[in-house]
There are 2 protein chains.
Amino acid sequence: MPTHPKKKAATVRDVAKAASVGFATAARTLGGYGSVSPEVRGRVLLAAATLGYRPNRLARSMATGTSRTLGVVVADIENQFFARIVRGISDVARPAGFEVILVNSDEKANEERVAVRMLAEKQVDGIIVAPAAVNDFGHLSELQDSGLPIVLLDRNIPQLAADAVVIDGMNAAEEATDHLIALGHRRIAIVTDVLSETPIPRDFRPPASVATAGIRLAGFLKALHRAGLAVDELLVRRASPTIAGAYSEAGALMDLTSPPTAIFTTDNVMTLGAFEALQDREIRIPQDLSFFGFDDLDWTRIVHPPLSVVAQPVYELGATAAQTLLGRIEGRAGSAQVRVLPTQLVHRGSTRQVSNGHRRAKSINRVPVPPGEIRPQT
Amino acid sequence: MPTHPKKKAATVRDVAKAASVGFATAARTLGGYGSVSPEVRGRVLLAAATLGYRPNRLARSMATGTSRTLGVVVADIENQFFARIVRGISDVARPAGFEVILVNSDEKANEERVAVRMLAEKQVDGIIVAPAAVNDFGHLSELQDSGLPIVLLDRNIPQLAADAVVIDGMNAAEEATDHLIALGHRRIAIVTDVLSETPIPRDFRPPASVATAGIRLAGFLKALHRAGLAVDELLVRRASPTIAGAYSEAGALMDLTSPPTAIFTTDNVMTLGAFEALQDREIRIPQDLSFFGFDDLDWTRIVHPPLSVVAQPVYELGATAAQTLLGRIEGRAGSAQVRVLPTQLVHRGSTRQVSNGHRRAKSINRVPVPPGEIRPQT
DNA sequence: AACCTACGTCGGAGCGCTCCGATGAATCGG
DNA sequence: CCGATTCATCGGAGCGCTCCGACGTAGGTT
């Protein structure tokens, strides 16, 4: 038994010879196109079986110009958010006969640039990308110009005029914040990641950035503004996008002379890190602090207390992106569409009416709070 | 602006013409092989840049017979275990210039068979697979015969004589169980998944199956046996491999007339599901029940109490598999090697000395228990 | 009977690239 | 000064497949 039994795989030509039919006829039979009489078909199939013929999809792709492969670029497959998305993509792609090449960008525009180029060179039929930077997309529009279908995931880039599948992060953050406000909270903190380039405005302004974190931060600010609450810059924390980052920012928050009475986090990593920090400080939730997380992951149900979170349809995000991409690949025309998938607030036990004697904290669990009912505190 | 600006990408031929050099010379320059004089190289590169030349890797693969692509087949990318593994693989593969095609098998041998075939037809240079069934591997040995390097992940198949990267699940389970025994527990339950085909022996026997779950179950049984404890079949629960499955089995366990005083779970899904069930029943851990989980995921630190678990080097599992595969692809000869990566027990707060008056429960936290010190109970 | 249509069959021309063998110019030693 | 070696350059032959146009034979029409 040799180490390399590479016995040179049989090709269509070999099969044709073995079945004593023309080369093209064998090709048609095996490739499943054109027409071929039943007898001949049988002969060819038999020969193929005995020779152990396996088509070379690369050659096929070469000839057809279509690889039946999708490129997927996400920040980090270890992040459950992206893992679930990829699963959604994969579940749609495979039945349609597409394989998926997966690349992690770690939110680095440069990694993404390289990855996307490589994917294009590998002749993928389309690309799904959760863009790392919303202001650095030259590589993406380049692709687009070359006619490669591309679908944006989780983050839209309006200038790109590409299909996109997103959630309404602004509204989601706003609803969550409204809920906290309705519970009477006035000192509400947010733990978001540094990728939210939005400067903190005194008043609410539409988001300058369209990055996921920036949009959610904007929603948070908008809710505060609508309620007439001043923004305390100390309560807006931008963590490095890791559990450790969120951990330390949440810790810093509680070290404040005047700590917040509620914390909102903007993604599952921030949620985990912040929650761990609170846990380690033995801060009682919701008695001492209300907590509103983001992403309805399995573990949010089993911590104490179970976390109230913004639930987003993660799997569907991926599945929809894949469907959209397949549509484009099949030649669906029409201008780029942005699909906004619905989020919803999941109320578990981690928020409650603010305890320390705030006036006008009477409306409970009313979401969103009717404008004007909640008055500015200072 | 047309919808399909497919302006037909420039090829080596076009570049050669534009630079007025021979076709092969341009090819050598762009392909980075052979030799070419500096002036000519400059001309070619310039022409390539102005034409926006992008190599077609498919064509290159066709010509070289190597695709610089790896196939990876795991059960489910949504499972954090596999997500982390894939990250490990990817981190090793990409710097080496390999892309990764990812496929989910859902532990179904048939899905795996189809996937693996497709990957081979797509001419991947090698395959990493966490085999769904250890007794159904014809498709894998077929590949092997065709000379395609293949590395087994998480589960070995000795008959296959392929490289494999695994942990010593038997020993890990044994250590964890020993720990529980040392704490005086006599009624120790295990929640494992149905894929552990091992019949429950009265006494310990080496595992008939080499499936992951089967091995861990065997380790559990071995520890009981060594301690002279009889196996109560009611305490061996095989759940469907989902959170819900583990949830209901753990629940059933606590409904027993004589429930266990300790529970051991054999993977992260079982751990989550079982823990959730205990949580929902308001069973106090570790006061009412000791709990030992598997897989040191982030959330195990933030539940109450923090979970003691068997930690396995998940990322390294993937990275090592990739390194092994790359080695084979580069032609490293030698017989198949099985790499066993070390696990370790992480003690947090979820186990404690058994409370209800068992005799001889004096040795605490001694792991593993000295043979003979713990006597059979009945 | 002569004709047209339809369809199974066939070889060949690509797809874009790498690799091989050949060519010609330049460099070196005797 | 000429033969021998070196090296940039070149076209062509593949890699395995699909697709196109051509061919031949059968069936149906007038």
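Atom set for the values below is all heavy atoms of this structure, side chains included, hydrogens, waters and symmetry mates excluded. All chains are named by letter (A, B, ...) in the order of the sequence lines, taking the proteins before the strands, and each is independently numbered beginning at 1.
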Practice item. With sequence neighbours excluded, tell me which residues meet side-chain contact (heavy atoms from CB on, under 4.5 Å) with Ala321(A). Key: Ile128(A), Val151(A), Leu153(A), Val165(A)
Review point. Taking only residues two or more places apart in sequence or in another chain, which ones pass salt bridge (charged side-chain N to carboxylate O under 4.0 Å, His left out) with Asp14(A)?
Key: none
Exercise for review: Not counting sequence neighbours, list each pair that qualifies as a salt bridge (Lys or Arg N to Asp or Glu O under 4.0 Å) and has a residue in residues 15-34 of chain B.
Suggested key: none
Review point. Lys108(B): what forms a side-chain contact (heavy atoms from CB on, under 4.5 Å) with it, not counting sequence neighbours?
Key: Asp106(B), Glu111(B)
Check your understanding: Between the side chain of Ser67(B) and the main-chain N/O of Gln123(B), is any donor-acceptor distance below 3.5 Å?
Key -> yes
Look for any protein N or O under 3.5 Å of an N or O in nucleotides 21-25 of chain C and output each such pair with its distance, or none.
none

Practice item. Any pair with a residue in residues 39-48 of chain B that passes salt bridge (Lys or Arg N to Asp or Glu O under 4.0 Å), sequence neighbours left out, goes on the list, sorted by first then second residue, please. Key: none
Point to revise | Non-neighbouring partners of Ser90(A) that pass side-chain contact (heavy atoms from CB on, under 4.5 Å), sequence neighbours left out | key: Arg94(A), Asn104(B)
Exercise for review: Note the angle between the end axes of the helix from dA1(C)-dT30(D) to dG30(C)-dC1(D), five pairs defining each, rounded to 10 degrees.
Suggested key: 50°
Exercise for review: Enumerate the residue pairs fulfilling salt bridge (Lys or Arg N to Asp or Glu O under 4.0 Å) with a member in residues 57-69 of chain A, sequence neighbours excluded, ordered by first and then second residue.
Suggested key: Arg57(A)-Glu121(B)
Check your understanding: When you check every protein heavy atom under 4.0 Å of nucleotides 14-19 of chain C, what one-letter string (B, S, -) results, 5' to 3'?
Key -> BBBBBB
Point to revise | side-chain contact (heavy atoms from CB on, under 4.5 Å) partners for Asp91(A), two or more places apart | key: Arg87(A), Tyr315(A)
Check your understanding: Arg339(B): what forms a salt bridge (charged side-chain N to carboxylate O under 4.0 Å, His left out) with it, not counting sequence neighbours?
Key -> none
